[in-house]
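What follows is a set of notes on a single structure, which appears directly below.
Position 1 is the first residue of the sequence, and the numbers go up from there. The model shown is predicted, which means the values in this text are computed figures rather than measured ones.
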Amino acid sequence: MMLTRPLKVALLGCGVVGSEVARIMTTHGDDHAARIGAPVELAGVAVRRPSKVRAGIPQELITTDATALVKRGDIDVVIEVIGGIEPARTLITTAFEHGASVVSANKALLAEDGATLYAAAERHGRDLYFEAAVAGAIPLIRPLRESSPGNKVNRVLGIVNGTTNFILDRMDSSGAGYTEALDEATALGYAEADPTADVEGFDAAAKAAILAGIAFHTRVRLDDVHREGLTEVTAADMASARRMGCTVKLLAICERAADGRSVTARVHPAMIPLSHPLASVREAYNAVFVESEAAGQLMFYGPGAGGAPTASAVLGDLVAVCRNKLAGATGPGESAYTQLPVSPMGEVVTRYHISLDVADKPGVLAQVATVFAEHGVSIDTVRQQGRQDSSGEASLVVVTHRAPDAALQGTVEALRSLDTVRGVASIMRVEGE
Ligand code: NDP
Ligand code: HSE
């Protein structure tokens with residue numbers, strides 16, 4: 001049965017994502033009404049620059065006073081697609097206080113202070129949905145929050161930032177330069193307002209914090225996530241990866257420790273074999289593996305960034321939240337009952353690809369191998385190539401077996417102090433084997 005009173009929606013932000021949310025709400029309004037059981041009406045749109053022309057949005061809906069909009073009292077759902085910490089956090093908590101549920105795409109805020117948002121939603125009996133905050137259009141948060149609670153998730157691994165995947169893909173497949181590829185990703189609406197968040201790994205780290213929190217039912221904040229961006233990845237790293245039958249991807253990896261007593265979360269570039277499904281994730285697509293006890297390995301794949309794909313996730317949440325509202329129910333809140341500590345990066349165990357510049361003379365290989373042995377890091381393969389020049393140096397590439405990150409860092413420190421090691425050209429983790 002269709003309710004006659006429309007559900008009122010306030011849209012905070014009308015940029016790359018918000019403009020697509022407004023467009024789809026308008027063009028698919030009848031479908032949404034039928035699925036929800038009540039029409040949904042766009043009641044106001046808060047922006048910074050009111051004079052900017054916004055196709056399809058009546059000028060009388062535009063306001064620069066986002067606070068007044070969320071305080072109106074007749075708003076059922078607030079969609080927050082402004083981004084950043086403030087004023088987004090205050091607007092969201094104010095929305096809850098004034099009776100609205102919230103749909104947000106703001107991973108930075110959820111990773112920084114999700115606990116405050118969850119608590120405010122619970123206090124006021126409202127919904128907080130954020131499917132769009134992780135992996136764009138891909139349904140991932142809902143499956144983790146609502147389909148997996150009966151299962152024990154042990155690992156979440158994937159590509160969760162579209163911009164960096166786009167850049168690496170362009171550099172690898174078409175030989176594009178880093179800056180050119182980043183400019184293209186920005187023009188396509190994939191990058192954050194400050195693309196440093198993408199290339200330095202902050203965006204992926206925020207998503208890793210959100211995923212780890214939900215997957216392991218514990219609180220994980222941005223600061224708990226080990227983070228390395230892709231700015232240090234060189235053309236030589238990519239060529240070296242290719243020689244090993246690998247490619248380079250920026251990965252987010254969240255793991256439960258083998259003894260189950262702690263978790264880790266990290267974001268860094270890594271080499272993965274070309275045969276691994278993540279190696280064929282191109283452009284701004286994302287893909288995430290969820291490994292759990294009963295289900296085994298699930299893979300989620302789809303467009304990870306951009307206006308329309310992200311709006312798709314926002315609108316899915318909008319329909320769910322509206323249905324909850326009509327049913328007088330609320331969806332899941334925070335689940336952090338395990339209270340597992342987050343271990344430091346030093347405790348992560350993985351494989352490494354280390355590229356060294358060494359003196360090209362007898363005994364150097366043995367010296368280097370000894371340092372690895374002294375730190376308990378077992379070598380899998382070594383490739384040495386003399387430079388065909390007058391430098392007297394050789395390039396030495398060592399790939400290790402699995403070892404704790406702390407042991408590897410100790411090894412590298414000791415290698416740097418050897419006279420025969422002229423430089424450590426790169427250290428990259430090897431994943432997905
Ligand atoms: P944009 O920068 O394109 O849009 C931001 C919007 O917020 C603009 O309309 C801007 O107004 C408005 N705004 C900024 N500050 C205020 C303020 N103080 N009061 C009112 N309005 C304000 O960002 P995106 O649309 O790309 O991203 C929005 C959110 O979605 C972010 O949290 C982002 O991380 C997230 N997200 C983005 C994805 C993407 O692919 N772009 C994918 C997944 C999530 P004005 O138009 O006047 O400048
Ligand atoms: N800047 C983000 C990305 C947007 O490139 O993945 C989607 O969250």
Side-chain angles (χ1 to χ4, degrees), residues 13 15-17 80-89 91-92 102-118 128-138 140-142 144-145 156-167 185-186 189-231 249-255 263-270 284 286-288 290 300 303-306 309-310 313-314 317 334 336 342 345:
V16 172
V17 178
E80 184 275 307
V81 280
I82 288 177
I85 307 303
E86 288 293 354
R89 175 171 45 201
L91 289 168
I92 290 174
V102 173
V103 173
S104 174
N106 194 336
K107 53 269 169 136
L109 175 56
L110 283 152
E112 172 76 19
D113 198 11
T116 296
L117 305 186
Y118 278 125
L128 171 64
Y129 275 47
F130 47 88
E131 185 64 70
V134 182
I138 307 173
L140 178 59
I141 299 295
R142 196 96 52 87
L144 276 175
R145 275 173 116 188
V156 180
L157 171 146
I159 296 166
V160 294
N161 182 271
T163 302
T164 46
N165 201 59
F166 184 89
I167 294 171
T186 305
Y190 302 150
E192 293 302 298
D194 175 0
T196 312
D198 297 291
V199 297
E200 294 292 359
F202 289 101
D203 180 77
K207 292 164 176 168
I210 295 169
L211 289 174
I214 296 172
F216 306 134
H217 302 272
T218 192
R219 268 190 197 159
V220 181
R221 298 183 66 232
L222 179 62
D223 288 348
D224 297 319
V225 182
H226 174 85
R227 176 192 55 78
E228 295 168 35
L230 61 69
T231 46
K249 295 288 185 189
L250 188 77
L251 297 185
I253 305 173
C254 312
E255 288 168 311
V263 298
T264 53
R266 54 191 162 115
V267 164
H268 52 71
N286 286 184
V288 178
V290 177
F300 298 82
T310 309
V314 169
D317 279 354
E334 184 179 31
V342 184
M345 185 63 191

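Atom CG in L140 sits 12.0 Å away from atom CZ in R145 (nearest 0.5 Å). Rounding to the nearest 0.5 Å places CG of N165 at 4.5 Å from CD1 of I159. Note that the OG1 atom of T164 and the CG atom of N286 stand 8.0 Å from one another [nearest 0.5 Å]. Atom-to-atom distance recorded for L110:CG and I214:CD1 is 8.5 Å, nearest 0.5 angstrom. Distance check, rounded to the nearest 0.5 Å: CZ of R221 to CG of D223 gives 5.5 Å. Within the model, atoms CD1 of I167 and OG1 of T186 stand 7.5 Å from one another, a figure rounded to the nearest 0.5 Å.
In summary, E112 and R89 do not engage in a salt bridge, as defined by a charged side-chain N under 4.0 Å from a carboxylate O. With salt bridges taken as basic N to acidic carboxylate O contacts below 4.0 Å, none links D224 and R219.
A208 approaches A252 most closely through the heavy-atom pair CB-CB, 4.1 Å. The minimum heavy-atom distance linking L251 with A270 is given by the pair CD1-CB, 3.9 Å. The two residues V342 and A265 come nearest to each other via the heavy atoms CG1-N, 4.5 Å. Closest heavy-atom contact between A205 and L222: CB-CD1, 3.6 Å. Residue A209 comes nearest to A111 through the heavy atom pair CB-CB, 4.0 Å, listed as atom of the first residue, atom of the second, then distance. For the pair F166 and A284, the tightest heavy-atom approach, listed with the atom from each and the gap, is CD1-N, 4.0 Å.
Using a distance-only test at 3.5 Å, with no hydrogens or angles considered, a donor-acceptor pair links the side chain of N106 to the main chain of G84. At distances below 3.5 Å, not a single donor-acceptor pair connects side-chain atoms of N161 with backbone N or O atoms of A204. Remark: the backbone N or O of F130 is paired with a side-chain donor or acceptor of D317 at under 3.5 angstrom. A donor-acceptor pair under 3.5 Å is formed between the side chain of T163 and the backbone N or O of Y190.
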After noting the C-alpha distance and the side-chain angles of V314 and E131, does the key distance pass the side chain to side chain contact (heavy atoms under 4.5 Å, CB included) rule? CA-CA 7 Å; V314 169; E131 185 64 70; over 6 Å; no
Kindly determine whether E228 and R266 satisfy salt bridge (charged side-chain N to carboxylate O under 4.0 Å, His left out), including the steps that lead there. CA-CA 8 Å; E228 295 168 35; R266 54 191 162 115; over 6 Å; no
Evaluation steps, side chain to side chain contact (heavy atoms under 4.5 Å, CB included), between L144 and V290: CA-CA 9 Å; L144 276 175; V290 177; 4.1 Å; yes
Before giving the answer on side chain to side chain donor-acceptor pair (under 3.5 Å), spell out for D194 and T196 the whole-Å C-alpha distance, their side-chain angles and the decisive distance to 0.1 Å. CA-CA 5 Å; D194 175 0; T196 312; 2.7 Å; yes
One pair to check against salt bridge (charged side-chain N to carboxylate O under 4.0 Å, His left out): E192 and K107. What are the steps and the verdict? CA-CA 11 Å; E192 293 302 298; K107 53 269 169 136; 3.0 Å; yes
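Using a 4.5 Å heavy-atom threshold, the side chains of L91 and E80 count as separate. Counting only heavy atoms from C-beta outward, the side chains of V225 and V267 approach each other to under 4.5 Å. Contact check for L211 versus I141: side-chain heavy atoms found under the 4.5 Å cut-off. For the pair V156 and I253, the minimum side-chain heavy-atom distance is 4.5 Å or more. Side-chain atoms of S104 and V81, non-hydrogen and from C-beta on, never get closer than 4.5 Å to each other. Two residues are said to be in side-chain contact when any heavy atoms from C-beta on lie closer than 4.5 Å; L128 and Y118 meet this criterion. Between V160 and V288 the shortest side-chain heavy-atom distance falls below 4.5 Å. Side chains of H268 and R227 form no contact here, defined as non-hydrogen atoms less than 4.5 Å apart.
Geometrically, R142 does not engage Y129 in a cation-pi contact defined by less than 6.0 Å to the ring centre and at most 45° from the axis.
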